[in-house]
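Structure record follows, encoded as structure tokens.
On a predicted model such as this, the values are computed, not experimentally measured, just so you know. Hydrogens, waters and symmetry mates play no part in the numbers below; they use all other heavy atoms, side chains included. First the proteins, then the strands, lettered A, B, ... as listed; each starts at 1.
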Amino acid sequence: MEMNKIEKKWQKRWEEGGYFHASNNSDKEKYYILVEFPYPSGQGLHVGHVRSYTALDAYARMKRMQGYNVLFPMGWDAFGAPAEQYAIKNHIHPSKAVEENIKTFKGQIQSLGISFDWSREFSTTDPEYYKWTQWQFLKFYEHGMAYKAKKDINWCPNCKIGLSNEDSSGGVCERCGSKVVQKEKEQWMLRMSDYAESLLDGLNDTHFADKIKLGQINWIGKSIGAEVLFKVKDTEEDIVVYTTRCDTLFGATFMVLAPEHPIIEKLKDKIQNMDEVRKYQTYAKEKTTFERTELVKEKTGVKLEGVVGINPVNGKDVEIWIGDYVMMGYGTGAIMAVPAHDDRDFEFAKKYNIPIIQVISKDGKETLNLDKAYTEDGIHINSEFLDGLNKEEAINKMLEFLGENNLGKKKVNYRLQDWVFSRQRFWGEPIPLVHCDKCGWVPVPESELPVLLPDVTEYEPTDDGESPLAKISDWVNTTCPKCGGKARRETDTMPNWAGSSWYFLRYMDPHNDKCFASPEALKYWGKVDWYNGGMEHTTRHLLYARFWNQFLHNIGLVPNSEPIDIRVSHGMILGSNNEKMSKSKGNVINPDDIVNEYGADTLRCYEMFIGDYEKDASWSTESLRGCKRFLDKVERLKDKVNNKDGYTDEVIVNKTIKKVTYDLANMKYNTVVSSLMILAGFYEKCESITKDDYMVLLKLLNPIAPHITEELNEMIGSSQMILEMPWPEYDEAKTIDDEIEIGVQVNGKLRSSIKIKKDEDDEKVKEIAMAEENVQKHLEGKEIIKTIVIKNRIVNIVVK
RNA sequence: GCUCGUAUGGCGAAAUUGGUAGACGCGAUAGACUCAAAAUCUAUUUUCCUUUAAAGAAGUCUCGGUUCAAGUCCGAGUACGAGCACCA
């Protein structure tokens with residue numbers, strides 16, 4: 001068969017018939033299947049895309065045949081750096097490059113026969129779409145969820161641009177290789193940390209895979225501890241520290257502040273070595289986040305001479321240090337150091353000769369010559385009212401004490417920070433605010449949305465790191481919507497994550513120009529039932545999307561707090577050498593080439609067969625040929641079809657229907673293919689098969705190889721397309737043979753196998769098993785202690 | 001360092017969730033068809049002993065445990081991979 005021609009024929013027929021268009025008014029039960037929309041890069045489609053699209057396509061096709069109203073949409077996440085880079089280089093508007101890339105991607109996806117509902121397609125860069133992204137940002141702003149704050153960003157002094165953490169990995173600029181420094185800039189922020197607890201709780205309303213839930217939990221990073229107040233001797237100042245181990249307070253011999261801690265300025269007249277402190281502050285500032293965390297293993301710090309803290313539990317003096325191993329961004333930016341029981345504090349204390357007091361031990365005795373921090377839980381010592389208590393008891397008692405004396409309280413901290421929502425880039429959604437000298441920040445009125453990106457040809461950032469938009473004075477200068485006076489537009493744009501944080505809502509009602517989606521559509525489609533994407537997006541993207549949706553829910557705009565029910569992730573397709581596919585390694589497989597040579601169905605079938613869907617898999621063209629052979633075999637079987645009715649073998653057919661139905665819904669695509677191979681192999685051994693036999697195979701295979709199965713269905717004279725037929729049902733009672741073969745073990749070792757009737761009486765099975773010659777041999781001269789019969793499974797005879 | 005995965009033939013992998021380990025596919029070997037090749041079909045293919053078969057022994061990263069029975073459960077460890085990373 002000429003596969004390419006056949007595939008085109010069916011793709012055209014499906015598209016023209018609108019078979020995959022989901023309806024917003026249907027009596028059928030809805031089912032929303034979503035696969036992450038791609039960034040349409042210039043590289044074209046990757047065979048990895050084919051894997052996840054095919055997998056969900058197969059599921060969607062089965063669900064439709066099972067009678068669901070399936071929403072399976074596709075679109076484009078097209079804002080972001082690569083398109084902007086391309087534009088800078090070639091002096092064309094990024095939207096042009098995006099348009100071309102989308103065309104390529106779409107053509108490639110269509111050549112695979114994926115059953116996306118193209119009538120709902122959009123790109124995050126469409127003004128009709130980003131109008132609503134901007135509108136939603138204004139909702140954040142109106143509800144006090146967006147604010148401006150000074151933040152350190154990764155800054156390349158050579159390129160004069162701000163870099164993401166990814167683009168500055170290793171502490172050098174990805175583009176020019178120069179050293180990245182920290183630069184303070186005013187940035188728009190979203191109060192995501194306010195939602196930390198709610199994002200944690202909400203996980204209970206989802207059915208994400210455990211590892212994905214864990215990823216979210218770790219990212220949110222909840223920690224339960226206490227804030228403890230240390231007075232600074234002979235001043236009115238206090239220092240509040242955050243600790244998860246307030247029970248070790250008697251062992252706190254010094255404190256460490258983040259170098260930029262504000263108390264330092266307040267105490268500067270008291271600090272005798274202020275020069276040294278200033279020097280250290282500068283040194284810390286110049287270090288990038290990378291160096292602070294990875295390169296410099298050895299702890300450094302400077303003691304604040306002339307100021308002393310007071311340990312609130314025993315009134316003893318504690319030294320105050322600054323050190324860059326303490327971060328301003330977490331807790332209170334200050335810690336109490338307990339060198340005996342914390343590795344980092346121990347190292348610091350050793351280096352600077354600070355006293356070490358042990359307050360926990362295994363046996364209630366002090367350890368001589370502690371050579372490293374004792375971090376196991378034990379019994380408290382040297383701790384007055386805590387002596388003899390274990391960790392939990394001691395923490396509770398200490399919290400009680402701190403509370404009674406107004407010295408501290410229980411405190412929950414989260415690693416999750418507010419979302420830095422500004423980018424100094426051209427190719428993103430403009431933040432729809434203007435700044436007026438008189439009125440301050442003023443939202444652009446809804447009627448003036450979207451704030452469009454201007455049509456220019458220069459996209460280089462400015463020398464001081466402002467967005468390229470800042471240079472376009474026509475665009476920047478505007479009037480204040482409130483007072484009508486002179487005003488300037490915000491020139492920062494939104495991060496790439498913005499558009500993808502709510503796109504799943506837009507699919508429900510993509511052409512609505514009155515609102516981002518009608519309440520009816522939002523209610524009808526509800527949650528995404530099944531969301532698939534890459535492992536790399538299971539923390540941040542998913543968290544942003546959940547946060548965004550929870551916020552919209554809280555202000556009454558969407559019906560569900562959680563947007564997604566089930567989230568799964570697929571493994572990568574690696575090159576045949578087990579490495580990530582890349583041009584430089586020469587191991588890239590272009591799906592177009594495979595489609596041209598072997599057909600889309602073969603590629604689809606192979607990628608489903610390649611292995612465990614959630615794990616990485618290496619490409620093998622040899623194995624791909626095996627799938628081609630299988631499809632050829634299915635084709636040849638059509639010549640065996642006789643004019644009889646019914647199934648040649650009820651059991652194998654029912655068994656296969658059961659397995660394929662279950663496996664398709666449980667991401668076990670590889671065994672879907674193998675069980676169909678077994679069925680085809682069985683048919684091949686038959687003299688002839690019935691049309692019913694053949695139709696079952698075609699229907700079950702259709703979700704994975706839709707083109708060839710439709711063609712064969714037509715060739716044997718069906719007037720209806722497979723995709724219009726109901727999904728095959730199975731009869732549980734017919735999934736097991738009447739006669740089965742089970743193993744017989746003696747002392748757990750297999751000695752024989754016997755044929756018995758299904759559900760045969762245990763005593764009878766015992767009898768048959770005992771009669772086996774080889775079983776007898778192993779029973780000879782032994783005493784039978786007991787015999788275990790597991791129905792339809794195994795017999796085990798225990799002897800002595 | 002912490003958290004989470006993973007480990008099964010020459011290779012990709014299955015295993016009804018504690019019940020005959022290696023289904024299915026690739027590769028390989030032998031044969032059929034063919035002038036020949038391709039395609040297709042048939043047989044064999046975990047290892048060891050054995051001419052073969054029957055029969056046997058070993059075998060799912062390592063060591064130990066629970067059980068009539070362990071790839072599957074428990075404990076300790078090794079290797080590889082992923083994420084987070086001085087989070088107090």
Base, sugar-phosphate alone, or nothing: which one does [X] contact when heavy atoms must sit under 4.0 Å apart?
X: R625(A); result: nothing
X: E536(A); result: nothing
X: T243(A); result: sugar-phosphate
X: I790(A); result: base
X: N774(A); result: sugar-phosphate
X: G626(A); result: sugar-phosphate
X: D612(A); result: sugar-phosphate
X: I788(A); result: base
X: K213(A); result: nothing
X: I742(A); result: base
X: D342(A); result: nothing

Whether [X] contacts [N] is assessed here as follows: a side-chain N or O lying under 4.0 Å from the phosphate OP1 or OP2. Is that the case?
X: H778(A); N: A55(B); result: no
X: K659(A); N: C24(B); result: no
X: R344(A); N: G1(B); result: no
X: N218(A); N: C87(B); result: no
X: R629(A); N: C26(B); result: yes
X: Y330(A); N: A88(B); result: yes
X: K800(A); N: C68(B); result: no
X: N670(A); N: A14(B); result: yes
X: R751(A); N: A57(B); result: yes

Is it possible for you to check whether R567(A) lies under 6.0 Å from the centre of the six-membered ring of Y531(A), through NZ or CZ, and within 45° of that ring's axis?
-> yes
Judged by atom type as modelled, is there a donor-acceptor pair below 3.5 Å linking the side chain of T54(A) to the main-chain atoms of R51(A)?
-> no
Within the distance-only criterion (no hydrogens, no angle test), does the side chain of E319(A) pair as donor or acceptor with the backbone N or O of I354(A) below 3.5 angstrom?
-> no
The glycosidic conformation of U17(B), counting syn as within 90° of 0 and anti otherwise, is syn
Tell me whether G9(B) sits syn or anti, counting syn as a glycosidic angle within 90° of 0.
-> syn
K633(A) has a side chain; which of U20(B), A55(B), C41(B) sits nearest to it?
-> C41(B)
Select one nucleotide: of C4(B), C41(B), A55(B), the one nearest the side-chain heavy atoms of K211(A).
-> C4(B)
K659(A) vs T735(A), side-chain contact (heavy atoms from CB on, under 4.5 Å): CA-CA, chis, key distance, verdict = CA-CA 10 Å; K659(A) 179 136 186 78; T735(A) 56; over 6 Å; no
Nucleotide opposite U44(B) in a Watson-Crick or G-U pair, distances under 3.5 Å | A28(B)
If we take the C1' atom in both C2(B) and U8(B), what is their distance in whole Å?
-> 30 Å
When only distance counts, do a donor and an acceptor, one from the side chain of R793(A) and one from the base of U20(B), lie under 3.5 Å apart?
-> no
Determine the interplanar angle of the F348(A) and Y352(A) rings, folded into 0 to 90°, and report it as parallel if under 30°, tilted if 30 to 60°, perpendicular if over 60°.
-> tilted
To the nearest 0.5 Å, atom OG1 of T300(A) lies from atom CG of D324(A) at 4.0 Å
